[in-house]
Amino acid sequence: MSVATLSPAASTASFAPASETFARAHGRVCQRANTKWSPAKVLRTAMADSDRFVVQLDYVDSKGKRTRRTISPIRFGAADRFLGLCLCREEPRQFHLSRCSNFQLLDADDVIMPVEMVELD
């Protein structure tokens, strides 16, 4: 099943330079999903099929430090948060949705742990 044909019920790494992931460089980014889907739908898709997808996003921590991270989302917590396995830190982390941006659905086969955490500032 391709990302473009996922039903509504299933949805509601890099050794490349910081500006480009391995997956993007090799055409493995799910372009249709990434241009038309909401962040929640991208996360739900990755949660529903964690063997196939991971999510890359930009995150601002509580101290204002901006980083690009690759995560495997696990579940939504409170209305404004989700739990995910940070593939950069190799441990579970809680992410505030309001601090996340630039969600990209990536093919999990293209991600090798540990993934470099890229500082954006």
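Of the possible polar contacts, one joining the T45 side chain to the K41 backbone as a donor-acceptor pair under 3.5 Å is found.
Residues that satisfy the side chain to side chain donor-acceptor pair (under 3.5 Å) test with T67, not counting sequence neighbours, are R69. In this view, D49 satisfies the salt bridge (Lys or Arg N to Asp or Glu O under 4.0 Å) rule with no residue, not counting sequence neighbours. Considering only residues two or more places apart in sequence or on other chains, P39 meets the side-chain contact (heavy atoms from CB on, under 4.5 Å) condition with F103. M113 is linked by a side-chain contact (heavy atoms from CB on, under 4.5 Å) to L87, E90, counting only residues two or more places apart in sequence or in another chain. Legend: residues meeting ring pair (Phe, Tyr, Trp, His ring centres under 6.0 Å) with Y59, ordered by chain and number and at least two apart, are F95.
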### Task
Determine, step by step, whether I71 and L85 satisfy the side chain to side chain contact (heavy atoms under 4.5 Å, CB included) criterion, reporting the C-alpha distance in whole Å, the side-chain angles of both residues, the deciding distance to 0.1 Å, and the verdict.
CA-CA 5 Å; I71 60 156; L85 175 64; over 6 Å; no

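The salt bridge (Lys or Arg N to Asp or Glu O under 4.0 Å) pairs that include a residue from residues 80-89 number zero, where partners must be two or more places apart or lie in different chains. Applying the salt bridge (Lys or Arg N to Asp or Glu O under 4.0 Å) test to residues at least two apart or on different chains, the pairs with a partner in residues 92-104 are E91-R93.
Here the closest heavy-atom approach between residue L83 and residue P92 is recorded as CD1-CB, 4.2 Å. For the residue pair C88 and R68, the shortest heavy atom distance occurs at SG-O, 4.4 Å.
R44 places a side-chain heavy atom less than 4.5 Å from the side chain of F76. In this structure the side chain of W37 reaches within 4.5 angstrom of the side chain of L105, judged on heavy atoms.
Between atom OG of residue S101 and atom CG of residue L120 there is a gap of 8.0 Å, rounded to the nearest 0.5 Å. Here the CG-CZ distance, from D107 to R52, works out to 7.0 Å after rounding to the nearest 0.5 Å. Interatomic distance, L97 CG to L57 CG, rounded to the nearest 0.5 Å: 9.5 Å. Distance CG/D109 to CZ/F53: 10.0 Å, rounded to 0.5 Å.
Under 4.0 Å is where a charged nitrogen must lie from a carboxylate oxygen, and between E119 and R66 no such pair does.
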